[in-house]
2 protein chains.
Amino acid sequence: MEQLTFGQFNLVYNMLSFAIAAMIFSGVFFVLARNRVAPQYRISLIVSTLVVGIAAYHYLRIFNSWEAAYIIGEAGNYVASGKPFNDAYRYIDWLLTVPLLLVELILVMGLASEKRSKMLTKLVIASFLMILLGYPGEIITGDTSMFSERGLWGLLSTIPFVYILYVLWGELGSTISNQSGKTGILLRNIRLLLLFTWGFYPIVYMAPFFGWEGATATVAIQVGYSLADVLAKAGYGLMIYAIARSKSEDEGYKIGRVVTAT
Amino acid sequence: MEQLTFGQFNLVYNMLSFAIAAMIFSGVFFVLARNRVAPQYRISLIVSTLVVGIAAYHYLRIFNSWEAAYIIGEAGNYVASGKPFNDAYRYIDWLLTVPLLLVELILVMGLASEKRSKMLTKLVIASFLMILLGYPGEIITGDTSMFSERGLWGLLSTIPFVYILYVLWGELGSTISNQSGKTGILLRNIRLLLLFTWGFYPIVYMAPFFGWEGATATVAIQVGYSLADVLAKAGYGLMIYAIARSKSEDEGYKIGRVVTAT
């Protein structure tokens, strides 16, 4: 592991802490605000709570691992302590949260029951495959060419990713376009948020192919992953909440009416 | 890092602990008491809960960092342990909580939907800029003149601060003046609380320009920030609660009516 300057170590440290706070307190918000949406949309907020809760757990582990992996050297720099920095938590996190993010989106769309089940099955399987196929390539560290084993796993993992995009733009495109004004805009925006945040991960995956390495790359990858995760989980969850609020209002739901279902 | 006397170290230690307790239990109050206000004002109490929760998290981290940064020396004084005291948590905390404090205030005012969205956008962007522009100056440690790089970032950060004050006194001034007796007084008071507590932070920022340094300055800054944060977050949240209660009463809301949704 490479040496880090005081500033580099602490930038990652503070970004990881920022991710923990963002995940925990967006979760608190989803719990406290779930009755502000109509009963049929509360399940999406419950799923959002699970996503950010799982992420908070893994970020706490990543934070502790980061802290343990370095000690202050004599020159005031941070040097390897001998304990490895465990980043594999991220894959376990994604294996659990990525399918749930797609579940949230499908549930908030309020599709007919039969179509919903079909979509959920397709997207959950595709997202599992996407993560599982990426992992074997991720743990190969020597490959610096696109035409290597790492590159092959990356390519295989991209197939389900493209399929997910095909479902969201192709098969669900007309459902989304048919939604009324504000709800329709929000659904189109969340689909774009998903595209841009998820698109960040393959770029990081390809970092070794660009010859991108050393302390600066380590720091950029950790900061980038943290920001992408905060947007793709907490930010995404807030957009799901806004969609659920908008649909609840469209359907005449009033906050504070006698509604006991949760 | 400078040596601290036994009393200096423990004053900061106890103030940080006080802040943790104040943040956690004001949050418990906001959760437990949120159904005492009319449904449309509960969102302000939910946002208050997030603010003090995020602050509690960061104060726990600051507390741990403070404890780890010093050890008892031979003379009974506290000397640097070699671990740095990480104060950057404060900026991450502010980046998340300061926009939320303005959101609480706007939501409790009960503006018409369109005006509310406009105000929220303006104030959230201004508060983000205020924090982001202050940070580069904060981490410059050598500058002791107002006409330095630190001073320049401070000045840039002051522009959005003044803009926020302009919106609260100018654009929202008449809305606040038009509120009935008790609610109007409370709204005017919370605006003053915001001005005085937020006004404290730039003074601390300018400490190096006054030649203010050493152990006494470190202690004064930590105690000052902690007190300002407790007032600006927990105290402010309690005032938001009082405003929400007063408005709920004005609008004929009765506690204990059959309203189960939250």
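Lettering of chains follows the sequences in order, A, B, ..., and the numbering in each one begins at 1.
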Taking atom [atom1] of [X] as the centre, report whether more than 12 heavy atoms of other residues, nucleotides or ligands fall under 6.0 Å from it.
| X | atom1 | result |
| --- | --- | --- |
| B:F29 | CZ | yes |
| A:W94 | CH2 | yes |
| B:K115 | NZ | yes |

Inset, instruction - Take B:I54 and A:I24 through the test side chain to side chain contact (heavy atoms under 4.5 Å, CB included) and record every step on the way to the result. - result: CA-CA 9 Å; B:I54 292 168; A:I24 292 177; over 6 Å; no
Inset, instruction - Would you mind reporting whether A:Y13 and B:Y89 have side-chain heavy atoms less than 4.5 Å apart? - result: yes
Legend entry - 4.5 Å side-chain heavy-atom contact, A:F63 and B:R61: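 Of all side-chain heavy-atom pairs linking B:R61 with A:F63, at least one is under 4.5 Å.
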Rounded to the nearest 0.5 Å, how far apart are [atom1] of [X] and [atom2] of [Y]?
| X | Y | atom1 | atom2 | value |
| --- | --- | --- | --- | --- |
| A:F25 | B:L50 | CZ | CG | 8.0 Å |
| A:R36 | B:Q40 | CZ | CD | 9.0 Å |
| A:N35 | B:N35 | CG | CG | 9.0 Å |

Legend entry - Which portion of B:L95 sits near chain A, non-hydrogen atoms under 4.5 angstrom: neither
Legend entry - chain B contact via A:F9 - which portion, at a heavy-atom distance below 4.5 Å: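 No part of it gets close to chain B.
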Inset, instruction - Count the heavy-atom pairs under 4.5 Å between each of B:V47, B:L96, B:D93 and chain A, then report the option with the highest count. - result: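 Of B:V47, B:L96, B:D93, B:L96 has the most heavy-atom pairs under 4.5 Å with chain A.
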Restricting to non-hydrogen atoms, name the atom on [X] and the atom on [Y] that form the minimum distance, rounded to 0.1 Å.
| X | Y | answer |
| --- | --- | --- |
| A:I72 | B:K83 | CD1-CA, 4.4 Å |
| A:L32 | B:I46 | O-CD1, 3.5 Å |
| B:P84 | A:F6 | CG-CE1, 3.5 Å |

